Structure formats: structure tokens, C-alpha cells
Amino acid sequence: MRGAVAVSTDRVVIVGGGPGGYEAAHVAAQLGARVTVVDRDGVGGSAVLTDCVPSKTLIATAEVMSDLSGAAELGVVFQDDEGDAATSIRVDLARVNQRVKQLAADQSEDIARRLAKDGVDVVEAVGRLDGPGRVVARAADGSEQVIEGDAVLVATGAAPRTLPTAQPDGERILTWEQVYDLTEVPTELVVVGSGVTGAEFASAYLNLGIPVTLVSSRDRVLPGEDADAAAVLEDVLRRRGMTVLSKSRMESVTRHGDTVRVALTDGRTVEASHCILALGSVPNTAGMGLEEAGVILKDSGFVNVDRVSRTSARGVYAAGDCTGVLMLASVAAMQGRIAMWHFLGDTVHPLDLKKVSSNVFTAPEIATVGWSQEAVDAGEMQAEVVMLPLSGNPRAKMQGVRDGFVKLLCRPGTGIVVGGVVVGPRASELIHPVSVAVAESLTADQLAQAFTVYPSMSGSLAEAARRLHRF
Ligand SMILES: Cc1cc2nc3c(=O)[nH]c(=O)nc-3n(C[C@H](O)[C@H](O)[C@H](O)COP(=O)(O)OP(=O)(O)OC[C@H]3O[C@@H](n4cnc5c(N)ncnc54)[C@H](O)[C@@H]3O)c2cc1C
């Protein structure tokens with residue numbers, strides 16, 4: 001419980017206005033500090049302007065398409081104006097993308113308004129450190145101002161990784177930041193990279209009706225996620241017509257007129273009208289005077305931080321994607337808040353990654369929290385595991401949902417819930433009770449005791465918890 005914190009007279013300078021930066025700014029302002037945010041591209045950061053918000057807005061349209069594709073089974077019939085059966089539904093990609101960009105811009109403005117209300121100064125400029133407590137902000141017109149701070153928070157995020165042999169051209173070879181400039185629907189799309197970002201875009205565009213080939217260097221999609229969940233997703237994607245090329249490493253991506261050619265290291269090639277590169281991210285830390293200010297970077301360029309977001313330089317904190325700790329907006333925001341609670345002397349709980357819930361916004365969605373089955377199988381954690389397919393859930397049957405499951409992990413003996421996975425529609429919403437259980441060290445019995453609505457998908461979570469009961 002936070003209580004009587006003396007109002008601060010400190011000055012805080014934040015470089016980067018994404019969730020790591022703006023959430024920290026709110027906390028610091030609330031605690032009385034004078035706060036300046038230096039941002040070069042617009043507050044909200046990549047999270048709001050190019051990554052998280054735009055992709056989830058695009059996926060909202062893809063979800064409607066996915067729901068419609070299952071509508072016939074539920075007795076919904078589409079007719080054209082003459083009363084004949086309509087044979088196809090079409091997506092107007094230009095309209096979708098316009099909505100995406102408008103929503104992102106509006107969200108950025110909302111954040112700017114909230115910051116202004118909290119008395120936070122926002123400076124539109126590129127920031128760099130000139131020693132631990134000094135930030136030089138260079139505006140677009142070349143003018144510079146020096147902003148001194150008792151603490152500096154670096155929250156500059158990350159950018160899409162590209163390769164010399166796979167250079168985006170912004171027209172047909174695209175990073176995830178460039179897809180919203182497409183005005184015409186790709187006739188065929190190749191997505192290179194089957195991590196979370198690659199899988200989300202591949203699933204979304206497939207549901208928008210575009211033939212998709214997913215190039216995956218590993219033997220399955222989503223190598224970092226629960227193996228059962230990834231298997232369900234891959235099966236669904238293949239059934240819906242996606243070509244998934246496993247164990248296929250991209251060597252180069254080149255443009256030939258209106259065609260894009262993806263060459264694989266084994267000599268095969270894939271051709272399509274467009275290609276999205278989802279090759280991971282590089283931190284925005286180069287040329288910022290960080291090492292000169294005593295901030296130790298990893299070889300990969302990410303900032304080294306501890307669990308309260310301190311860097312190796314006194315008074316310099318770092319949060320979000322530039323630290324590479326866990327590249328999620330929610331984690332960036334928490335790292336930023338933690339930095340300010342720590343610096344300004346409020347109660348602070350160090351970051352605990354085992355309590356982070358996350359979601360892959362594919363169809364079906366994959367939501368996860370806490371310890372993984374992989375860690376259990378590797379002997380890093382002892383846990384009992386129960387997995388229940390959603391196909392047996394009454395609500396799932398009513399909705400025509402066949403793919404997906406819930407999985408719960410609890411400690412033997414105490415029965416404390418230590419992790420869970422939900423695969424299914426709206427898994428991102430369903431994971432919350434498991435997340436609460438993990439955060440509060442509830443037992444499977446306690447989770448099972450709470451009423452669930454009948455019929456509901458969450459009934460499967462309670463059922464899984466009941467199956468973990470030991471007499
Ligand atoms: C396609 C995609 C989808 C995603 N979806 C989700 C999701 O659904 N849920 C989720 O939790 N996470 C999601 N993420 C991850 C999420 O977007 C990031 O974790 C989040 O943006 C990190 O926030 P941040 O504050 O560290 O950095 P950013 O949001 O990148 O913000 C950093 C800001 O700093 C600015 N900046 C950089 N250098 C300087 C400088 N020198 N001076 C001034 N300003 C500078 C940048 O322009 C930017 O505005 C997604 C990522 C991608 C790529």
C-alpha cells in the first residue's frame with residue numbers, strides 16, 4: 001500500500017514517449033516531480049503509432065472476417081441485393097488502413113492531452129545523453145536545448161530488424177511499420193519470421209482473404225510459446241490454407257517488378273506480390289551517448305538493467321524495449337513506473353516476469369501467464385499440469401469453436417497455481433483469472449471454488465482447476 005510520500009522537488013527527464021516513457025511520466029508527475037519527455041516521433045511511441053495499436057486494430061477487422069467464415073455453420077446466410085446467395089465478402093484494405101492510422105493518431109493525441117493535464121512538458125526532439133544527468137534535445141530544425149535532470153529514464157524502444165540481403169522498399173517488401181500504407185490488397189503474401197509478430201500478421205492477412213506463405217526457420221511456428229498451443233495454431237493455419245514452410249531459412253528477399261522473390265538457404269524460392277519481414281527488433285540505443293555516460297549495454301545493444309530498472313550509471317534508468325527484458329507494452333509501462341517509484345522513494349516491487357500475462361493475437365489467440373510447461377519438462381520447476389480441450393466446453397460447441405484448450409500448472413503439495421495457457425477465441429480476456437491466481441498465489445482449489453457463468457469458456461478453467469484437486 002502506498003502512503004505518505006513526500007512531494008518531490010526532483011526533476012526527471014525521460015527520453016522516449018512510448019509506454020515505458022509516458023507511464024513513467026504520469027507516476028513521476030503524480031509524485032510531484034517536474035517531468036520532461038523528449039520524443040522524436042509522437043507520444044505513444046511505436047506501441048501506439050506503428051506496432052501494438054495498429055496491428056491489433058487490423059486484427060479486429062480480421063476477427064470479423066474469421067467470425068463470418070464460420071457463420072454458415074451457425075445458420076447465417078448471406079444474400080446479395082437480388083436475394084441470391086452472396087459468394088464472397090471483401091475487405092476494403094484502404095479503408096481498414098485509414099481506420100488503423102486514424103485510431104493510432106487519436107490514441108497518441110489522447111496520451112498527449114493526459115500528459116499535458118499532469119503538467120508534463122513534451123519536447124519534440126531527438127534526445128541524447130551528455131553525461132548521466134544531462135539530456136541534449138535536438139529539434140527537427142537543428143536547434144538544441146540542454147535539459148538537466150536528477151534522474152534520466154531512457155525509454156527509446158526498438159526498431160524492426162532488417163538484413164542487407166532483405167531490405168524493405170516500403171512498397172512490396174515491408175517492415176511491420178509499413179503495412180498500413182498499402183492501398184491495394186496483396187494478391188499473395190509471404191511473411192518471413194514465425195515469432196509472435198510474424199504469426200500475428202500471417203494469421204490476420206489470411207483471415208482477410210489473402211493467400212499467405214509463412215517462412216519459419218524453426219520446426220514449428222511460435223518457437224518461444226507453449227508447444228501444444230503452437231501446434232494447435234499451426235494446424236488451424238494450415239487447415240485454413242496457409243502454406244507454412246518449416247525449417248526454412250530466408251537468405252534474401254528481392255524485388256522483380258511487381259513480384260517479390262524470397263530465396264531460401266536450401267535453394268528453394270517463394271514468389272508473391274508482397275513480403276512482410278518479421279525478423280525481430282534492434283534497440284534504439286546507438287549514438288545516444290549512453291556508454292559515454294557510464295551506461296553498460298549488452299553486445300546486442302540492449303541496455304542492461306536490474307529489476308528496478310536501474311542501469312549501471314547512477315541516476316540513469318531504462319525501461320521497455322530498449323532493455324530487451326520482455327518486449328511487451330505492458331512490461332515497458334511497468335518498468336517505467338517501477339523506475340520512478342524507485343527513484344522518487346515510493347514503495348516498489350521489483351519486476352517479476354513470472355507474473356506477466358501475454359497474448360499472441362492470432363486466430364485462435366494464445367494467452368499465457370507464469371511458469372511454462374517447457375520449464376516443468378526441463379526440471380526447472382515442479383508442477384502438475386492439466387490440459388482440457390475446449391471442444392468439450394458447452395459454450396464452445398454453441399459457438400462452433402473446436403480448436404483450443406486451457407492448461408493449468410500448479411505446485412504439487414500446496415496446489416498453488418503457477419502458470420496457465422489458454423488457446424481459443426478471446427484467450428486474452430480468459431487468461432485474467434489465471435493471472436490473478438498466479439499473482440496472488442491462489443490454489444487450484446480456490447480457483448475452482450469461484451463460480452463461473454454457465455455456459456462459458458471460463459467454465460473450462462474451473463474444470464481444469466477441479467481436476468488438479470488432491471485429497
Ligand atoms: C507488430 C507489433 C505488435 C505488438 N503488439 C503488442 C501487443 O499487442 N501487446 C503488447 O503488450 N506489446 C505489443 N508489442 C510490443 C510493444 O509494441 C513494445 O513492447 C512497446 O512499444 C515498447 O514500448 P517502449 O516505450 O519501450 O518503446 P516504444 O513504444 O518503441 O517507444 C519509444 C519511443 O521513443 C522514441 N525515440 C527513440 N529514440 C529516441 C531518441 N533518441 N530521442 C527521442 N525519442 C526517441 C521513438 O520514436 C518512440 O516514440 C508489439 C510489437 C510489435 C512490433
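In listed order, ligands and their atoms are each counted from 1. Computed from a prediction, not measured in an experiment: that's the story for all the values here. Heads up: numbering here begins at 1 and tracks the sequence.
Qualifying salt bridge (charged side-chain N to carboxylate O under 4.0 Å, His left out) partners for R240, counting only residues two or more places apart in sequence or in other chains: none. Qualifying salt bridge (charged side-chain N to carboxylate O under 4.0 Å, His left out) partners for E225, counting only residues two or more places apart in sequence or in other chains: none. Listed by chain and number, the residues in a ring pair (Phe, Tyr, Trp, His ring centres under 6.0 Å) with H342 are Y317 (sequence neighbours excluded).
Heavy atoms of other residues, nucleotides or ligands lying less than 6.0 angstrom from CG of D299 number 12 at most.
Between R307 and D352, no side-chain nitrogen of the basic residue sits less than 4.0 Å from a carboxylate oxygen of the acidic one, so the salt-bridge criterion is not met. R239 has a carboxylate O that lies under 4.0 Å from a charged side-chain N of D235, or vice versa, which qualifies the two as a salt bridge.
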Which pairs of nitrogen or oxygen atoms, taken one from ligand 1 and one from the protein, are under 3.5 angstrom apart?
residue  : atom   : partner : partner atom : Å
ligand 1 : 5 (N)  : K56     : NZ           : 3.0
ligand 1 : 8 (O)  : K56     : NZ           : 3.1
ligand 1 : 11 (O) : A329    : N            : 2.9
ligand 1 : 12 (N) : A329    : N            : 3.1
ligand 1 : 19 (O) : D321    : OD1          : 2.8
ligand 1 : 19 (O) : D321    : OD2          : 3.3
ligand 1 : 19 (O) : L328    : N            : 3.2
ligand 1 : 19 (O) : L328    : O            : 3.4
ligand 1 : 19 (O) : A329    : N            : 3.2
ligand 1 : 21 (O) : A47     : N            : 3.4
ligand 1 : 25 (O) : P19     : N            : 3.3
ligand 1 : 25 (O) : G20     : N            : 2.9
ligand 1 : 26 (O) : D321    : N            : 2.8
ligand 1 : 29 (O) : S46     : N            : 3.1
ligand 1 : 29 (O) : A47     : N            : 3.1
ligand 1 : 30 (O) : S46     : OG           : 2.9
ligand 1 : 41 (N) : G127    : O            : 3.0
ligand 1 : 42 (N) : G127    : N            : 2.8
ligand 1 : 44 (N) : R40     : N            : 3.2
ligand 1 : 47 (O) : R40     : NE           : 3.3
ligand 1 : 47 (O) : D41     : OD2          : 2.6
ligand 1 : 49 (O) : D39     : OD1          : 2.9

